J.: 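Structure incoming, see below.
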Amino acid sequence: MRIAVFNTKPYDRRFLTEANAPYGHDLHFLEPRLEPATASLAAGHQAVCVFVNDTVNAEVLETLAAGGTKLIALRCAGFNNVDLAVAARLGIDVVRVPAYSPHAVAEFTIGLLLAVDRNIPRAWARVRENNFALEGLIGRNLHGRTVGVIGTGKIGALVARTLRAGFGCEVLASDLYPDPELEAIGVRYVPRDELLRTAGIVTLHCPLTPDTRHLIDAAAIEAARPGLTIVNTSRGALIDTAALIEGLKSRKVGAVALDVYEQEADLFFEDLSNEIVSDDQFQRLLTFPNVLVTGHQAFLTEEALGAIADTTLRSAADAEAGRPLANRVDAGLIAPAR
Ligand code: NAD
């Protein structure tokens, strides 16, 4: 299949090219994002492969359909950037990668927690300056601490299990569907309010929905234990950034590690080192010594990228052969977070 791969980075090219050996698709890598101004680049391609921050709205879909595109292959789980109703009307199938490697995100979450809790990035910055003083680097054991895990699906369950069985934490959890296997190892499901009041560390793994948007807000921070550590590798808008900044300023929040950020679409995945970043909230976050931010990279492992590439190319092969599309996104589905 002739596939226009938009918004490609070197790692996308590497993993898609390697995974393509058994499929033999004709991959055409393009650097620009897919948006109305670039959609005509896909003319003559039966499939278009896109990522989270590409725009697949009605205007783009009309252009793609006119150019002969029959398949949108999202190389991610989320599909909130696609107008599914218009795609269906134009006869364009949409496929995604529903799960690639929960281990990638769960392990990164634990890494962020340890890094921020034990001041590892600050220590490394000091050592590079030949400053070996330890003042200001005192951390806390994870063992015995009470951690709240919000969302115990594929990723949250791995995090809860690791914290409970590996580190010996008291683990509280909140989910619409308690996991009996976690309960069997001592994870305790409690109402979200109680979790937020009781835990010393909170880690977020639920999707972004109207119910979970800004679940960490001024009221939650006010009710929390002083010195709360917050880790978010799920979706930026689970946290009200303005309230978080106030919580850090008042010292109610003790440490924060974020792989996702509410307004990340304007920042992440690009090298802006020569630009002026005009997001004042983001810049303020970076000034706190007890805040650690990474640019949405929790998924970025060899295994996850390999799985994303393979699933995407397999879906294209299925579409070309007229086989059922296992990872098809139906217009009736509610968009999950990425
Ligand atoms: P999942 O669907 O397996 O699990 C989500 C869990 O959240 C489910 O158990 C669900 O019941 C629960 N949930 C839904 N609404 C809830 C609510 N109101 N309160 C508490 N729990 C609720 O998803 P997953 O694969 O574990 O992914 C979790 C999140 O991780 C995703 O939503 C996504 O935002 C994020 N993610 C981030 C990256 C990254 O690179 N940072 C990569 C992949 C996924």
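In this text the structure is predicted, and so the values were computed from the model without any measurement. For reference, positions follow the sequence shown, starting with 1.
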J.: What distance do Glu320 atom CD and Leu313 atom CG have between them, rounded to the nearest 0.5 Å?
T.: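 If we round to the nearest 0.5 Å, Glu320:CD and Leu313:CG are 11.5 Å apart.
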
J.: Identify the two heavy atoms, one from Arg96 and one from Phe79, that lie closest to each other, and give their separation to 0.1 Å.
T.: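 Between these two residues, the closest heavy atoms are CD-CD2, 3.6 Å.
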
J.: Looking only at the side chains, is there a donor atom on one of Thr212 and Thr209 sitting less than 3.5 Å from an acceptor on the other?
T.: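 Short answer, yes.
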
J.: Given Val94, which of Leu325, Val50, Leu84, Asp330 fulfils the side-chain contact (heavy atoms from CB on, under 4.5 Å) condition?
T.: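 Between Val94 and the candidates, side-chain contact (heavy atoms from CB on, under 4.5 Å) is satisfied uniquely by Leu84.
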
J.: Contact between Phe51 and Asn81 at the side-chain level, heavy atoms closer than 4.5 Å - yes or no?
T.: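 No - every pair of side-chain heavy atoms lies 4.5 Å or more apart.
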
J.: Find the distance between CG (Leu90) and CG (Leu61) and round it off to the nearest 0.5 Å.
T.: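 Going from CG on Leu90 over to CG on Leu61, the span is 6.0 Å.
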
J.: For the residue pair Phe29 and Phe6, is the inter-centroid distance of their aromatic rings smaller than 6.0 Å?
T.: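 Aromatic pair excluded; centres sit 6.0 Å or further apart.
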
J.: Are Tyr23 and Val97 in one and the same hydrophobic cluster, where Ile, Leu, Val, Met, Phe, Trp and Tyr link if side-chain heavy atoms are under 4.5 Å apart?
T.: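 No, separate clusters.
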
J.: Among all residues two or more places apart in sequence or in another chain, which pass the side-chain hydrogen bond (donor to acceptor under 3.5 Å, both in side chains) test with Asp117?
T.: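 For Asp117 the side-chain hydrogen bond (donor to acceptor under 3.5 Å, both in side chains) partners, ignoring immediate neighbours, are Arg145.
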
J.: Would you check if the side chain of Thr233 reaches a backbone N or O of Ala298 as a donor-acceptor pair within less than 3.5 Å?
T.: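 Such a contact is absent between Thr233 side chain and Ala298 backbone.
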
J.: If you group Ile, Leu, Val, Met, Phe, Trp and Tyr by side-chain heavy-atom gaps below 4.5 Å, do Leu158 and Ile150 land in one group?
T.: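 The answer is no; the residues belong to distinct hydrophobic clusters.
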
J.: Pairing donors with acceptors under 3.5 angstrom, does anything connect the side chains of Asn232 and Tyr261?
T.: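 There is no such pair between these side chains.
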
J.: In Å, rounded to the nearest 0.5 Å, how long is the span from CG of Leu163 to OG1 of Thr146?
T.: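 One finds 11.5 Å between CG of Leu163 and OG1 of Thr146.
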
J.: Just by distance, do the side chain of Lys70 and the backbone of Ala47 share a donor-acceptor pair under 3.5 Å?
T.: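 Here the side-chain-to-backbone pair does not exist.
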
J.: Check for a donor-acceptor pair, side chain of Glu262 on one end and backbone N or O of Thr241 on the other, with a separation under 3.5 Å.
T.: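 It does hold such a pair.
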
J.: How would you list, by chain and number, every residue that makes a side-chain hydrogen bond (donor to acceptor under 3.5 Å, both in side chains) with Asp175, sequence neighbours excluded?
T.: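 Result, side-chain hydrogen bond (donor to acceptor under 3.5 Å, both in side chains) vs Asp175: Thr152.
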
J.: Is there a donor-acceptor contact under 3.5 Å from the side chain of Thr38 to the main chain of Arg33?
T.: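 Side chain of Thr38 to backbone of Arg33, a donor-acceptor pair under 3.5 Å: yes, one is there.
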
J.: If you draw a 6.0 Å radius around CD in Glu31, do more than 12 non-hydrogen atoms from other residues or ligands fall strictly inside?
T.: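 Not more than 12 within 6.0 Å, no.
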
J.: Whether the side chain of Gln46 engages the backbone of Arg2 through a donor-acceptor N/O pair (distance < 3.5 Å, no angle test) should be reported.
T.: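 Answer holds: yes.
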
J.: Taking C-beta and beyond as the side chain, do Ile3 and Val48 meet within less than 4.5 Å on heavy atoms?
T.: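 No, too far: nothing below the 4.5 Å cut-off.
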
J.: If two hydrophobic side chains count as joined below 4.5 Å and joins carry through other members, does Leu267 share a cluster with Leu208?
T.: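 Yes, it is one cluster - the side chains of Leu267 and Leu208 are joined through contacts under 4.5 Å.
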
J.: Can you give me every donor-acceptor pair (side chain of residues 193-207, partner residue at least two apart or in another chain, under 3.5 Å) with its distance?
T.:
from: Thr198; atom 1: OG1; to: Glu194; atom 2: O; distance (Å): 2.4
from: Thr203; atom 1: OG1; to: His205; atom 2: NE2; distance (Å): 2.7

J.: I'd like a table of donor-acceptor pairs (distance under 3.5 Å, sequence neighbours excluded) in which one partner is a side-chain atom from residues 131-143, with atom names and distances.
T.:
from: Asn131; atom 1: OD1; to: Ala133; atom 2: N; distance (Å): 3.0
from: His143; atom 1: ND1; to: Phe167; atom 2: O; distance (Å): 3.1

J.: Taking a hydrophobic cluster as the set of Ile, Leu, Val, Met, Phe, Trp and Tyr residues connected by side-chain heavy atoms closer than 4.5 Å, whether directly or through intermediates, do Leu27 and Ile308 fall within one such cluster?
T.: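 The answer is no; the residues belong to distinct hydrophobic clusters.
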
J.: Has the side chain of Arg188 got a donor or acceptor atom that lies under 3.5 Å from a matching backbone atom of Gly186?
T.: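 It does not hold such a pair.
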
J.: If we count only N and O atoms by modelled type, under 3.5 Å, do the side chains of Ser101 and Glu303 hold a donor and an acceptor together?
T.: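 Per modelled atom types, Ser101 and Glu303 side chains form no pair under 3.5 Å.
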
J.: Would a distance-only check, ignoring hydrogens and angles, find a side-chain to backbone donor-acceptor pair under 3.5 Å from Asn290 to Gly254?
T.: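 Present.
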
J.: Between Glu270 and Lys9, is any pair of side-chain heavy atoms under 4.5 Å apart?
T.: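 Yes, close enough: below the 4.5 Å cut-off.
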
J.: Less than 4.5 Å apart, any side-chain heavy atom of Arg75 and any of Val5?
T.: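 Arg75 vs Val5: side chains touch.
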
J.: For the side-chain contact (heavy atoms from CB on, under 4.5 Å) test, which of Val253, Leu248, Leu244 pairs with Phe288?
T.: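 Single pass found, and it is Leu248.
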
J.: Counting only heavy atoms from other residues, nucleotides and ligands, does the tally under 6.0 Å from CD of Glu181 exceed 12?
T.: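 12 or below, so no.
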
J.: Can you list everything that forms a side-chain hydrogen bond (donor to acceptor under 3.5 Å, both in side chains) with Thr229? Sequence neighbours excluded, please.
T.: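 Expected list: none.
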
J.: What residues, two or more places apart in sequence or in another chain, satisfy side-chain hydrogen bond (donor to acceptor under 3.5 Å, both in side chains) together with Asp259?
T.: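 Counting only residues at least two positions away or on another chain, Asp259 forms a side-chain hydrogen bond (donor to acceptor under 3.5 Å, both in side chains) with Thr294.
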
